[in-house]
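Just below is one structure, and these are the notes that go with it.
Letters A, B, ... are given to chains in the order of the sequence lines, protein chains preceding strands, and every chain is numbered from 1. These values consider heavy atoms only, across backbone and side chains, with no hydrogens, waters or symmetry-generated copies.
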Number of protein chains: 2
Amino acid sequence: MKDTDHPPNPASELRSAGLRVTAARLAILETVRGGNHLDVETVTSRVRGRLGHVSFQAVYEALHAFTAAGLVRRIEPAGSPARFEGRVGDNHHHLVCRVCGRVTDVNCTVGEAPCLEPADDAGYLVDEADVTFWGFCPDCRQGS
Amino acid sequence: MKDTDHPPNPASELRSAGLRVTAARLAILETVRGGNHLDVETVTSRVRGRLGHVSFQAVYEALHAFTAAGLVRRIEPAGSPARFEGRVGDNHHHLVCRVCGRVTDVNCTVGEAPCLEPADDAGYLVDEADVTFWGFCPDCRQGS
DNA sequence: GTCGTTGTCTTGAATCATTCAGGTTAAGCG
DNA sequence: CGCTTAACCTGAATGATTCAAGACAACGAC
């Protein structure tokens, strides 16, 4: 099982998602995939390091489009700006450090696609489960 | 099992949490408990309806203090402002409507305190699990 | 290869929730 | 009845995100 299923190449992924292939978007997509739950500012600065100038709006729009297309996933731990990750499609969750904000992936153990359905859906048509574990990461739990 | 365990009365709850008892804070606490995942603006306007004038900062500070004291719980579904609820201490989760933003409580079925621990804690000291189910509420799934 | 459509990118301003600052009021203990 | 300090007030600032409107360029059609 591959980490995430990346078809042929990023360019064709964009195309088959109905998006145009531009240097900026390729760099944004690769940056998100190469990074670890990056926020918009970090994505932007890394992309700028590669390409020169790219506007914040271009990054926001691209990330929004990618999220809608299912190419990336957006997470937003309470109190922190939105973060993006390349791992999509597998039902995994997150550990978030209350001190430093670090985010770490956790696989869900309870079976294959656990936590995917609430006990009682109250009539809702549920399409996603978002599980966040809050605590203190190895580095930050020292001083406790 | 009671819905939520409310000791003697709100005033003594505040006191035993080390907080002073003021008309504003009593009204804020009761408003949150009587409401359904209210945001700060709604809490403020309801409290104002009762008491006359109360500043936003007073409400923010009170809600922050209550949250720290464990009297209320703060949730923050991605993309929406913070919301507060009076149900605390029982491990329950939330259904959030993608269209209207409505939030509904769900009890966790998988045992008593489920989803409380991740499969692999990656060295984190986990103290809370935050589970949000995204979907379409009964009212909003009609047009689909 | 050229053209046209429209998705993408740019600059600049605006919005919204939340927080910070500093000073005033009043809860509750001695 | 004072004192200490939590609580509250007004007003301004911050930071992430979005809106607006025009310029540019990807890519399918010709």
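The nearest whole Å value for the distance from the CG atom in A/Leu51 to the C1' atom in C/dT8 is 14 Å. B/Arg25 has its CZ atom 6 Å from the C1' atom of D/dA7, to the nearest Å. Residue A/Leu63 contributes atom CG, which lies 13 Å from atom P of C/dT8 at whole-angstrom precision. Atom NE2 of B/His64 is separated from atom C1' of D/dC8 by 17 Å (rounded to the nearest Å). As a whole-Å value, the separation of A/Leu14 CG from C/dG7 P is 15 Å. The distance between atom CD of A/Glu76 and atom P of D/dG15, rounded to the nearest whole Å, is 17 Å. A/Glu61 places its CD atom 12 Å from the C1' atom of D/dT17, with the value rounded to the nearest Å. Between the CZ atom of B/Arg74 and the C1' atom of C/dT18 there is a distance of 9 Å, rounded to whole Å.
Panel note: side chain B/Arg48, backbone B/Val54; a donor-acceptor pair is recorded below 3.5 Å. At distances below 3.5 Å, not a single donor-acceptor pair connects side-chain atoms of A/Thr42 with backbone N or O atoms of A/Leu38.
Closest-nucleotide positions on DNA chain C for B/Asp39 and B/Thr22 were compared, and the one nearer the 5' end corresponds to B/Asp39. Between B/Leu19 and A/Phe56, the residue anchored closer to the 5' end of DNA chain C is A/Phe56, taking for each the nucleotide with the nearest heavy atom.
Comment: A/Arg33 does not engage A/Glu85 in a salt bridge, judged by the lack of any side-chain N to carboxylate O separation of less than 4.0 angstrom.
Within the 4.5 Å cutoff, no side-chain heavy atoms of B/Val32 are placed close to those of B/Phe66.
Within 3.5 Å, a donor on the side chain of A/Arg20 pairs with an acceptor on the base of C/dG7, or the reverse. Taking 3.5 Å as the limit, the base of C/dT18 and the side chain of B/Gln57 contain no donor-acceptor pair of atoms between them.
When heavy atoms are screened at a 4.0 angstrom cut-off, B/Ala65 is found touching no nucleic acid atom at all. Across all strands shown, A/Ala82 has heavy atoms under 4.0 Å from sugar-phosphate atoms exclusively, and none from any base. Here B/Ala62 lies out of heavy-atom contact (under 4.0 Å) with every strand. Among the atoms of the strands shown, base atoms are found under 4.0 Å from some heavy atom of B/Ser55.
Residue B/His53 places none of its side-chain N or O atoms closer than 4.0 Å to OP1 or OP2 of D/dC8. Close to D/dC27, at under 4.0 Å from its OP1 or OP2, lies a side-chain N or O of A/Arg15.
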Mind running salt bridge (charged side-chain N to carboxylate O under 4.0 Å, His left out) on A/Glu13 and A/Arg25 for me, showing each step along the way? CA-CA 11 Å; A/Glu13 285 182 77; A/Arg25 297 206 161 185; over 6 Å; no

